[in-house]
Every structure is written in C-alpha cells, then in structure tokens.
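Report on the following structure.
Letters A, B, ... mirror the listed sequences (proteins, then strands); counts begin at 1.
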Amino acid sequence: MILDPLRDLNPQQKSAVEYLDGEQLIFAGAGSGKTKVLTHKIAYLIKSGIVRPDNILAVTFTNKAAQELRNRVEKFVEKQAGFIHIGTFHSICARILRKEIEHLGYSKYFSIYDESDQRQLIKKVISDSNIDLEGFLPKNVLSRISYLKNWLTSPEDFKPRPGNRFEYIVEGLYPLYQKALKRSNAVDFDDLLLLPLKLFDKEPKLLEKYRLRYQYILVDEYQDTNKPQFLFIDLLAKKHRNLCVVGDDDQSIYSWRGANIENILKFDAQYPECRVFKLEQNYRSTNNILKAASGVVANNINRVKKELWSRKSDGDLLIKIEAESDYDEAAKIAVNIRQEILKKKRTFKDFAILYRTNAQTRILEEILRRNNIPYNIIGGVKFYERKEIKDILAYFSVLSNPKDDVSLRRILNFPPRGIGKQTLSGIDAFAVKKQLTLFEALNHVDFLELSKRSKKAVQEFIDMIKRIDDSKEKLAFEEWTRIIIDELGLRSYYKEQGGEESIQRLANIDELLNDISEFCTTVEEANLEAYLEKVSLLTNIDVWEDEKNTVSLMTLHSAKGLEFPVVIICGLNQGLFPLDRDNSEKAVEEERRLFYVGLTRAMEKIFLSSAQVRNRAGEMQYLPDSIFLSEIPKELIEVESLREGVIASKRRRYSRRNTSEVAYQGTDMPTRRKTAVRGSIVSHKIFGVGKVIEVNGMGDGAKLHINFQSCGTKVIVAKFVQVK
DNA sequence: GACCGTTCTCTTTTT
DNA sequence: GAGAACGGTC
C-alpha cells in the first residue's frame, strides 16, 4: 500500500512538511515526531514532483538512522527511495572525496585514520621531529589539533599565545602531522569534513556540480553540527536555498568535539528569511517523565524556551535506587529488571541501562551475567578495534593504499617474520632521508646496509604483498579475502600459539570473514575500498542488534535518538554525572542536557541510581548524589530502598571466590580505606566534621582543604582525617 | 629478535 | 583496573 505523506500529521507537523519557500528550522522537542516529519517531507517532495529523489540530500547522525529513514520513505515512494542521498556527514563527505580528492593531490585510495592510527602517526612525527613534549601527551596534542581543525584554524593560521608552552609545541607539530597524513595518503575524521570545503574553494566547478545535485538538503540533529559541517551545508544550499534543518537545542551534547550550539540558536540570524517551526507535542513519554525532564532542563540558562506536553497519562513515578556501592547498584538494577519483567510483563529488550562513561559497563556486565539477564553492550570495546581484526584491516589498507605507513608499520613484522627493530630503524632512516614512504623504502632494500638475513626477510615480505596484490585483480573480493588470510599466516600463527586467547582470536577472524560475506551480499559495489570505508565510518549504534531480546547498555551519548519503555540511568553521583573535569557553568549545562537526553528516552518508566562508594581508576571514592537528582520535582520521585527482594539479600555476604558461579548476594564490599574527594564529609579529632572543598595530591599525603563546621577552612593532610 | 613480567600512567563522551 | 611502555632474559 502506498501512503499519503500529508496524512497522519498534527497541524504543526503538517505545516512543517508542506513549507517549501526557502530555509526552514524545525525545533523538534524530544519524542515530537521528528523522524516522522523528515520522512513525510522527503516523501512529499518526491511525490509532488518538486524534487527528484537523486536531488535530495539528507544528513543523519548515524548510518543506522540513515537506513531507517530510507526504509520509512520507501513506504511512500517505493523504489525511488533508493536514489536519495542519505548518510552521516562523514560518509557523505567520504563519498565526495573518493571521487574528487585527486584535485587536492591525494589518491582516491586514501586511508581514513581512526584514533589509534592518529596516535601512532603523531608519535612517529614527534620522534622524527626532535620536538620535546615537555610532559604533555601525544593525546593532548592530537586533541588540540582536532579542536583547531574543527574551528578551521590551519597550521599556517595558528599562532600560539605568548608564554603558552603547550601551544608552541602544537605549533611545531600541527604542520608536521598534517604533512605526514598527506604523505601517507591518509585523512583523519576532521579532514573528512574539511577537505570537501577546500575542494569547493579550489574548484568552483565542483561546487556547482554538487549544488546541482543536492537541490534539497535536510539535516537532522542540527544542534550538534560543527563549523565545517555548517559551512558544508551552507555552501551547498546557498543557490537553491532549499534547506530544512531539524534539531533541539536542549539535546546538544557534542560541544566537546566542536559542535556549535550557535548554529541552531542563530539560524534565524544566519538566514533572515527563514521560517521557524516548533514541534512541542510529545508522543513518547508519560507526563511524569516529561515533567521531570522539563524540570531538570529548566535549570539551563542558554536555551530556547519550549513547553513539551503529552496526551498520555501521568504514568508511574520515577524511581530512585540508592545503593551502597557500584556492585550494589548493579545488583539492585538487576533485581528491578527482574521485578518489572515479572510484574509488568515486560521483556528484556524493553530496558536500556544508560551511563556516563564506558568504564561503568564492567560491573554491570558482571552482575547481569550472574543474574542470567541477557544484555548487549553498545560501544565499549569495539569488534573492529580488536588486535587481530585491526591487523587484518591494516593489511587491507596497505594493499589498497601502499603509502599508508601507519598500517604498514603495524603489520610489517606481524606475524613475526624477522623484520625487527634494528631492520625497521634502518629502513626508516632511509625513508626519512630520501623522503620516501615506508613501502617505497622497502623496495630499495638492496641499497640498505642491512644483514643478509634482514634483506631476505624484507624481500619475502615485499614478494608476498605483490603476490596478494596481483591476486586481488583476479578474484572477487570475498573469495580474495578468504584466500589471503591464510596466505598472510595469521591463522597459522594463532593456531601455533594455542590457548584460550588464540581460540577467541581465531573465532573473531572467522566473524570478520562472515561480516565480509554479508557485506558482499548486501552492497552492490562490494570491493576492498568500500569495505574499508564502511568499517572506518561505522558508528556505535550501527552495530547494535536491536532485534535481539536483550537489555541494552550504552552511554548517554549513544542513546541519542533512541527510545525504550524503561530507562535506567545509573551512576548519578556528583563527579561522575555531572562529570567533574571542568566545573564551568557551560560544562554543567551540557551535562544537564545529557541527562535530559537520557530522561526523554523513556516511554513509561525511569529508574535513577546512585551509589555511595565507587571504584574509580582502582581507587575507592565516596561521591555524593548528583545535583541533577535534586532538580527533579520531589513529588515525581519515589525512593526505592525498601523494596522486597533487595532487602532479602542484603545480609548475605559478597564473596570474591567462585565469582563465575555465585550470583551476587549482597551489598558488603571487601573493605578498603576510604579516599577523600571533593565533596566528601570527613571528621578530624580536633576540628570535628567538615566538608572537603579541594584536594591536592594523592593518597595519604594529599592536602585537603576542608571547611569545618566548627572553625572554617583548614588545610589538613589526608591521613589525619577520617572519611565518613 | 621474541617473549614475558613489571611498572607506570591514565581515566569522558565519538565520528 | 587496563593498557602501554619498558627492561630483562632466553
């Protein structure tokens, strides 16, 4: 059945769908049918014959969302949906670059470097450059470079602030890093967005071409676009002025990676003739949930005021879980999930457990497993980041782009083939001297002063790569991968090694091959480059098997755009959520928006948990409840602490023995000395009770600034106070 | 050159 | 508590 895109919409949605006179901003509150509007709008454009499907560009936040959007549009326009350009910013830009990057002096087989590739590269750049990091970390340098790129500061433009040592180091390394990337024919995630801008600037004809192609542009999650993304869209839309952006300033949670909330807040200033639409009717959550979420986000100053409302009933109160420790927190979550399933006839996939940091998954995982609750972790240690998988992908990269030094370095001597440190540094020196890539240098092995054995090893490696490269032309991609994995000797290496770990790795290699098979059956042009691109642009959510009946575990960031009947937000402790890195009001506002995102994921029920003690980075920390808990109107929250089932298990002991067999049985943790953190309540023999306001140093010797009730602020060494 | 055990550091979120 | 880096041994 073919549907009508103007039906089943509320009046606000309908007018947003129908509006076609220039730039358009849709403020879409959580759960207000944003995807529906996008779907209907695209369908409307196509059905009414206003724009051809291949002249539409729709930008989504994940590849999964792109797929979903396409499927939903298909219900209206059938096969035509296949022609729409839909994707994330990164994948759309990658596609453009694959075609056009030669104008910028790269080859079209460029590699896309992920974080670990970038780290390897910057380390190499640092060691080749003799620049002293003075205690700063490669990671710090990278994140500053990324920040500069996100704000369009080129290596030439960047001027360090006088006296700022770090910025002088960055000034030295940034241009070298950029050169190294280019020499490796590689781009990082930031380049993916920047290079199209360069391209359009350098080749106006190309800009024209893409303007003609993308006559109608729609952008989802506009509140999280950064400057390059804004410019990309602005450039493309300038001519036809058919731009529709959808977003919610209350859900802007990526400012730390350059997202600029001003893009949405100042949209009307940017495009004076634009029309603004607001969608405020929520179809997702009960009223209690909405009231709680609104109450929280109302504490933010910098926002556009809007009032979400729902025709749904009040529903259940929010439930606060008070736990003694992080283990106890996980156990209580498990008990509550079981109870909900029993009493409310829910099923595992109705639940999502959301947290601020990935590190929190470990304990949750352990406890859920012991309670036989099936779960599914989104993000965390990713499949494609495992060593054995990364190694294979590195081989793929080298075979596609021989200039990719980082990948070549990774696999040159793995599995071990006699090209060790000595040999490598000899080749390396030669490469640096002659300005060659590592692979080119390997080809000149005869000129190098190396032992006979080393030369032979290198020659054998080169011959193998050439052999495999030849076979690439002759075989279909899938068949080729199966053959070369054996030829590379990775399987036999792990088989020889033996042990649990090797078995797991071999299984992962098989899983990769399965993934490739699946890729080949679902993608039309399945080849090496397409596969590498898919893998490097995958988002966390893309790999989520949402049809499985399991509880979903993910960070609050990953949960954006999703919904679940029951949402459990854990770790609501001051210092963890909001995370205390930078206590500026701006940072707290973003954390609060993140909490708002979490709350508004829920359709029917919310559990909020905090734990008094948590193990953080190997240390026990006592953290007070999150301020966010106090921002929820009191009458909407019910404290759980006395519910049956939890209490029954409370007196039993927690045992470290038989950890794999025994279910978690209580709340007692192995005791450890308590550590004072900011906010801890401590007592001192003479001064009495006080609150820690600052901590300098670590362990027993840390100097604590304590505000005592009796006598004001004093500085005391940690070992003289007791943490309550 | 490979391997193994130890020390050290660093802990946000992700395309 | 995990991963990387380092240093020592075979």
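- Using a cut-off of 4.0 Å between Lys/Arg side-chain N and Asp/Glu carboxylate O, A/Lys34 and A/Asp248 are scored as not salt-bridged.
- For DNA chain B, the stems formed by at least three consecutive Watson-Crick or G-U pairs, with both atom-pair distances below 3.5 Å, span B:1-10 with C:1-10.
- If you take atom C1' in B/dT13 and the same atom in C/dA4, they sit 22 Å apart, rounded to whole Å.
- Side-chain atoms of A/Thr62 and A/Lys560 form no donor-acceptor pair, as typed in the model, at a separation below 3.5 Å.
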Could you pull out the protein-nucleic contacts involving nucleotides 3-10 of chain B (nitrogen or oxygen on both sides, under 3.5 Å)?
none

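- Using a 4.0 Å cut-off between charged nitrogen and carboxylate oxygen, A/Asp249 and A/Arg303 do not count as a salt-bridge pair.
- Applying the side-chain hydrogen bond (donor to acceptor under 3.5 Å, both in side chains) criterion to A/Lys387, with sequence neighbours excluded, gives A/Asp391.
- Stacking between A/Phe89 and B/dT15 is absent: the aromatic ring centre is not both under 5.5 angstrom from the base six-membered ring centre and within 30 degrees in plane angle.
- No engagement by A/Asp190 is indicated, since no non-hydrogen atom pair under 4.0 Å with the nucleic acid exists.
- For the pair A/Lys182 and A/Tyr106, the cation-pi test (distance below 6.0 Å, angle within 45°) is passed.
- For A/Tyr147, there are no side-chain hydrogen bond (donor to acceptor under 3.5 Å, both in side chains) partners at least two apart in sequence or on another chain.
- Taking the side chain of A/Leu579 as heavy atoms from C-beta on, and the options B/dT15, B/dT13, B/dT12, the nearest nucleotide is B/dT12.
- Looking at heavy-atom distances under 4.0 Å, A/Thr62 makes no contact with the nucleic acid at all.
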Taking N or O atoms only and anything under 3.5 Å, show me the protein contacts with nucleotides 4-10 of chain C, one pair per line.
residue : atom : partner  : partner atom : Å
C/dA5   : OP1  : A/Lys123 : NZ           : 2.3

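- Side-chain proximity of A/Ser558 to B/dT14, B/dT13, B/dT15: nearest is B/dT14.
- Under the side-chain hydrogen bond (donor to acceptor under 3.5 Å, both in side chains) criterion, A/Tyr355 pairs with no residue, sequence neighbours left out.
- For A/Phe414 and A/Tyr493, the gap between ring centers is short of 6.0 Å.
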